[in-house]
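The structure appears right after this line, and notes come after that.
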There are 2 protein chains.
Amino acid sequence: MEAVISEAVALLDEAGDSALTFRALAARLGGGAASIYWYVANKDELLDRASDHVVAQVLVDTEDFHGSEDPIDDLRAIAVALFGAITVRPWLGAYFMRDTGVQPNALALYERLGQQVLRLDLTPRQSFHAVSAVMGFVVGIAADLGQKPPQEVVDGSVERDEHIERFADQWRSLDPAEFPFVHHIADEFAGHDDTEQFRAGLDLLLAGLRLQADA
Amino acid sequence: MEAVISEAVALLDEAGDSALTFRALAARLGGGAASIYWYVANKDELLDRASDHVVAQVLVDTEDFHGSEDPIDDLRAIAVALFGAITVRPWLGAYFMRDTGVQPNALALYERLGQQVLRLDLTPRQSFHAVSAVMGFVVGIAADLGQKPPQEVVDGSVERDEHIERFADQWRSLDPAEFPFVHHIADEFAGHDDTEQFRAGLDLLLAGLRLQADA
DNA sequence: CGAAACATAGAACACTGTTCGATGATTGCG
DNA sequence: CGCAATCATCGAACAGTGTTCTATGTTTCG
């Protein structure tokens, strides 16, 4: 049983979303496809269990992220850790938003974020909105980055830079009068780092939260 | 051609993500499934075109959202409009994040957000991060709401409240010592409004942005 | 008129999730 | 020990999917 979802995660990690098929998974486990149905009711449950399995690891990794002087620092640290986990596993983003309240470990993570917000001076409604916003932001940005490149860039990172540069060139070739902003940030886009981009947005969100807490 | 993607959008609107199949679409159009391949190379392109088609409408709806006294007000208005469009069409969220830079109308929307940010006093990098953050937040939250209820709640909104209430009850039955935050916000969750929740998070983000612009 | 471009479908293929029924393996117990 | 009951596995089949191929009509226009 543990081997089933463990191998499912491995399969997703190696070849992505579309690679997880009952027959492929069965081949890895050295058995028939129908056998998997003894452990899991359907594919949805398989994905839920796989997601929850890696979220459990995030939970472990963020175990000590509490009790620092500034609750918002803890909040940021947890969010960054979750973001990192989804960045490494793009498939996780897609299957994360669904059933946030159903998958036990996802709920625990939600709670962990919430406990930091509890340390701020906010109304219940404000804290509910704050945690939902952080969670949504992390998942949204991470899923955004989850779009895999066309079919190249499955190897070296040099080609990744080229791919992103080609994108920027495409932007630069647009009409400057009609797309002033795209031109304005084309260079930034060309040399951007995903994690830095995420942290910048997160900091905006947290700055707004701090403003609200200090009001 | 116009009829193809138009009917595809209608199909997605009526019965959701899984209802759009080549055979079902062909039946609606009164023809064979293979005929669709004359207009579109594969299903991915069909979905891209369908997405872009409705984003075009968002573009029209937000045409006048510029030039107000406060650029951030315009930014908020555009974001809310986009959020509304995805709320009405949950399928759009899932297919929105991919190829943001490829689908022309999505790029135009990105530009429209960016032009408001240009009015703020920011570095190119800051404005790049700001627009990406707003875009990611909208899509992330909207996609989060896109998870359709189990299989009920396809009709009256009364049952929706019951469904959400059952969720809240489940939360309330957790161990208060282990889940203090979940208990703290259970009532808020039970009576929450999706749009209000979104706007609250967006306002946090925009407050942080204003802080950065005024610094 | 006739050829070239446009447009349409039916049949088949490979692949997916899923079900069913039969067949082994293991275990507990009288 | 023997044997029934549970646990576990698998092959074969089904319905449904995206996609391709090839053949056939339909329109356009020189």
Expressed in angstrom and rounded to an integer, what is the separation of [X] atom [atom1] from [N] atom [atom2]?
X	N	atom1	atom2	answer
A:Met1	D:dC7	CE	C1'	15 Å
A:Glu45	C:dT18	CD	P	11 Å
A:Lys43	D:dG16	NZ	C1'	14 Å
A:Phe22	C:dT18	CZ	C1'	8 Å
B:Asn42	C:dC15	CG	C1'	16 Å
A:Leu47	C:dG17	CG	C1'	12 Å
A:Glu2	D:dA8	CD	P	15 Å
B:Asp44	D:dT17	CG	C1'	14 Å

Are A:Glu14 and A:Arg28 ion-paired here, with the side-chain N under 4.0 Å from a carboxylate O?
->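 Yes, charged N to carboxylate O under 4.0 Å.
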
Shortest non-hydrogen contact between B:Ala56 and B:Asn105, atoms and distance =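 Looks like CB-ND2, 3.3 Å.
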
What does [X] touch in the nucleic acid at a heavy-atom separation under 4.0 angstrom: a base, only the sugar-phosphate, or nothing?
X	value
B:Leu29	nothing
A:Ser35	base
B:Ile36	nothing

D:dG16 base to B:Arg23 side chain: any donor-acceptor pair below 3.5 Å?
->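 Side chain to base: no pair present.
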
Distance flag, aromatic centroids of A:Phe179 and A:His183, threshold under 6.0 Å |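 Centroid distance A:His183-A:Phe179: not below 6.0 Å, so no.
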
If we only count heavy atoms from C-beta on, is the A:Ile185 to B:Arg125 side-chain gap below 4.5 Å?
->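 Not touching, per the 4.5 Å side-chain cut-off.
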
Closest to the B:Tyr39 side chain, choosing from D:dT17, D:dT19, C:dA7 =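 Closest of the options to the side chain of B:Tyr39: C:dA7.
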
Salt bridge (charged side-chain N to carboxylate O under 4.0 Å, His left out) between B:Asp187 and B:Arg172: does it pass, once the steps are laid out?
-> CA-CA 9 Å; B:Asp187 287 346; B:Arg172 282 188 270 251; 2.4 Å; yes

Are any of B:Thr21's side-chain N or O atoms less than 4.0 Å away from OP1 or OP2 of D:dG18?
->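 Yes, B:Thr21 has a side-chain N/O under 4.0 Å of OP1/OP2 on D:dG18.
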
A:Ala34 vs A:Trp38, nearer the 5' end of DNA chain D by closest nucleotide |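 Between the two, 5'-proximity favours A:Trp38.
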
